[in-house]
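Owing to the predicted nature of the structure, the values given are computational and were not obtained by experimental measurement.
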Amino acid sequence: MKYNDKQQAILLLKDGTIFHGKSIGISGTTFGEIAFNTGTTGYQEIFTDPSYYGQIMVTTNAHIGNYGVNVNEVESDNVKISGLVCKNFSMNYSRPDASESLYDYFEKQKLIVISDVDTRALVSYIRDNGAMNAIISTDGTSIEELKVMLNQAPNMEGLDLASVVSTKESYFFGNEKATYKIAALDLGIKTNILRNLAKRDCYIKVFPFNTTFDEMKAFSPDGYFLSNGPGDPDPLASAQEVARNILAENKPLFGICLGHQVIALANGISTYKMFNGHRGINHPVKNIVTGKGEITSQNHGFAVNKEELENHPDFELTHVHLNDGTVAGMRMKSKNCFSVQYHPEASPGPHDSSYLFDEFIENIKTSKN
């Protein structure tokens with residue numbers, strides 16, 4: 001497709017700001033909370049990450065689609081973002097082991113994309129004005145119609161999206177003869193998390209978001225895992241109750257991202273919606289326990305209240321985000337429980353955080369002995 005063949009498209013923000021661009025050829029209108037990711041690679045993993053459900057993604061990397069799509073590198077069964085905003089969208093790709101082009105992949109799922117946008121100006125605007133709802137239109141819908149549609153869109157705060165992306169039925173992952181059994185609550189779990197557990201000799205049963213503790217306990221797991229996911233953690237009352245029940249029996253518990261926030265809420269520590277959130281593969285985190293720094297992959301729009309965490313008698317702050325001092329990790333003093341706000345399974349180049357899975361296994365070994 002030549003540049004001149006592209007149809008006009010617009011991006012309308014909730015505050016009325018408009019950015020102009022081009023459609024890549026998939027006609028339609030879509031809305032969601034606009035967010036940006038600073039990763040230079042890994043766009044396929046981003047687009048299929050359930051934690052991005054309900055969001056319009058702005059990619060700060062100038063070229064998207066240039067290495068195509070590989071079927072083995074998805075984080076879920078389909079694209080989870082609501083729409084894409086980019087500078088240059090590549091119809092052609094040069095990666096030898098790519099399965100197909102990103103355009104063909106998007107066309108199958110009817111994902112609305114606006115390209116040729118000044119993404120540097122857009123990201124700068126979002127940084128100054130915060131995350132907000134937005135709408136992309138590539139089909140010629142008028143501005144006034146789009147404003148009406150956008151005003152009817154729900155806000156991310158208070159929104160339960162884990163129930164939308166969670167599995168509907170329980171399923172198994174890994175070798176059933178593995179040494180350790182893990183019960184994982186799916187709030188939007190990424191496939192690579194399951195791979196990391198499986199390669200550490202774990203057999204995982206993945207449960208729907210609203211599963212009770214008794215149902216999970218019936219699997220006789222050696223440890224429990226609360227996954228990442230999209231939306232606000234506050235409405236997830238059943239997941240918080242599961243966390244409380246696991247802790248009451250002092251079983252090994254590990255939480256990532258949304259699961260981390262659920263553990264905090266289950267213990268009376270509040271969460272809040274961030275001005276912009278953290279989304280990228282180069283976020284610096286300090287491990288307070290070891291004194292070491294980590295380059296991490298992050299994707300979240302909510303965070304744990306740091307003051308309440310530090311004042312809680314049974315919690316310890318273990319990791320801190322070096323850009324803004326927000327909570328990046330915590331653990332309980334009297335329970336076999338820890339969690340992090342970032343993604344140790346992502347390994348965005350460095351594998352700085354993969355040790356967290358090893359710590360989880362060590363906690364299970366200690367519990368079994």
Looking only at atom types and distance, does a side-chain atom of S76 sit under 3.5 Å from a main-chain N or O of P50, one as donor and one as acceptor?
-> no
Is the NZ atom of K286 crowded by more than 12 outside heavy atoms at less than 6.0 Å?
-> no
Report yes if the side chains of F47 and Y105 come closer than 4.5 Å at any heavy-atom pair, otherwise no.
-> no
In terms of side-chain heavy atoms, does S297 have a donor or acceptor partner in N299 at a distance below 3.5 Å?
-> no
Exam field: side chain H312 to backbone D314, donor-acceptor pair closer than 3.5 Å | yes
Value for OG1 (T60) from CG (L122), rounded to nearest 0.5 Å, stands at 11.0 Å
Check the side chains of T40 and N61 for a donor-acceptor pair under 3.5 angstrom, ignoring hydrogens and angles.
-> no
Listed by chain and number, what are the ring pair (Phe, Tyr, Trp, His ring centres under 6.0 Å) partners of F225, not counting sequence neighbours?
-> F254
Sub-3.5 Å donor-acceptor pair from the side chain of D201 to the main-chain atoms of T179, do we have one?
-> yes
How about N323 and P284: do any of their side-chain heavy atoms sit closer than 4.5 Å?
-> yes
Any side-chain heavy-atom pair from I256 and L356 closer than 4.5 angstrom?
-> no
Does any N or O in the side chain of E73 come within less than 3.5 Å of the main-chain N or O of N70, such that one atom is a donor and the other an acceptor?
-> no
Using distance alone, with no hydrogens and no angle criterion, decide if D139 and T141 have a side-chain donor and acceptor under 3.5 Å apart.
-> yes
State whether the side chain of K168 and the backbone N or O of P208 hold a donor-acceptor pair below 3.5 Å, judged by distance alone.
-> no
Which residue, N88, L84, T119, forms the side-chain contact (heavy atoms from CB on, under 4.5 Å) with T59?
-> L84
To the nearest 0.5 Å, what is the distance between OG (S51) and CD (E75)?
-> 9.5 Å
Note, I34 side chain near N133 side chain (heavy atom, < 4.5 Å) = no
Just wondering, do Q261 and D232 contact through their side chains at under 4.5 Å, heavy atoms?
-> no
Side-chain contact test, heavy atoms from C-beta onward, threshold under 4.5 Å: evaluate it for Q7 versus K22 and give yes or no.
-> no
For the pair D97 and R95, evaluate salt bridge (Lys or Arg N to Asp or Glu O under 4.0 Å) and give the outcome as yes or no after the intermediate values.
-> CA-CA 6 Å; D97 62 350; R95 188 181 182 187; 2.8 Å; yes
Taking only residues two or more places apart in sequence, or in another chain, which ones meet N245 in a side-chain contact (heavy atoms from CB on, under 4.5 Å)?
-> F213, E241
Note, S354 side chain near H351 side chain (heavy atom, < 4.5 Å) = yes
Checking salt bridge (Lys or Arg N to Asp or Glu O under 4.0 Å) for the pair R195/E345: CA distance, chi angles, key distance, verdict?
-> CA-CA 9 Å; R195 294 191 191 107; E345 83 289 342; over 6 Å; no
Interatomic distance, I64 atom CD1 to C86 atom SG [nearest 0.5 angstrom] = 6.5 Å
About how many Å separate CZ of F207 and CG of L187, when rounded to the nearest 0.5 Å?
-> 13.0 Å
Interatomic distance, L197 atom CG to I182 atom CD1 [nearest 0.5 angstrom] = 6.0 Å
Distance-only side-chain donor-acceptor flag, T326 / D324, under 3.5 Å = yes
Side-chain H-bond candidate by donor/acceptor type, K80 with N78, under 3.5 Å = yes
Closest contact, heavy atoms only, F302 versus E157 | CZ-CA, 4.1 Å
For the hydrophobic clusters of this structure (ILVMFWY residues joined by side-chain heavy atoms under 4.5 Å, transitively), does one cluster hold both I193 and I364?
-> yes
If you link ILVMFWY side chains whenever their heavy atoms are less than 4.5 Å apart, which other residues fall into the same cluster as F31? By chain and number, please.
-> I10, L12, I18, I135, I143, L146, M149, L150
Would you please name every residue forming a salt bridge (charged side-chain N to carboxylate O under 4.0 Å, His left out) with K199, sequence neighbours left out?
-> none
Check the side chains of Q298 and T296 for a donor-acceptor pair under 3.5 angstrom, ignoring hydrogens and angles.
-> yes
Determine, using ring centers only, whether Y203 and F173 are less than 6.0 Å apart.
-> no
Going by heavy atoms in the side chains, are V242 and M216 under 4.5 Å from each other?
-> yes
In this structure, CG of N250 is separated from CG of N336 (nearest 0.5 Å) by 6.0 Å
T318 side chain to G329 main-chain N or O, any donor-acceptor pair under 3.5 Å?
-> yes
Check the pair E316, K333 against salt bridge (Lys or Arg N to Asp or Glu O under 4.0 Å), reporting the backbone distance first and the verdict last.
-> CA-CA 7 Å; E316 177 186 5; K333 299 174 184 177; over 6 Å; no
Could you tabulate the donor-acceptor pairs under 3.5 Å formed by side-chain atoms of residues 264-272, not counting sequence neighbours?
residue	atom	partner	partner atom	Å
N267	ND2	I263	O	2.8
S270	OG	E308	OE1	3.1
S270	OG	E308	OE2	2.9

Scan residues 50-99 for pairs that pass ring-ring contact (aromatic ring centres under 6.0 Å, His included), counting only residues two or more places apart or in two chains.
-> Y43-Y67
Please report the C-alpha distance between S101 and D104 in whole Å, then the side-chain angles of each, then the deciding distance to 0.1 Å, and finally whether the side-chain hydrogen bond (donor to acceptor under 3.5 Å, both in side chains) criterion is met.
-> CA-CA 5 Å; S101 72; D104 290 338; 3.1 Å; yes
For the side chain of N287 and the backbone of T290, is there at least one donor-acceptor N/O pair under 3.5 Å apart?
-> yes
Any donor and acceptor pair, going by atom type alone, linking the side chain of S166 with main-chain N or O of D186 inside 3.5 Å?
-> yes
Side-chain donor or acceptor of T48 paired with backbone N/O of Q44 under 3.5 Å = yes
With side-chain hydrogen bond (donor to acceptor under 3.5 Å, both in side chains) as the test, would you mind laying out the steps for H343 and D49 before giving the verdict?
-> CA-CA 11 Å; H343 286 270; D49 181 351; 4.8 Å; no
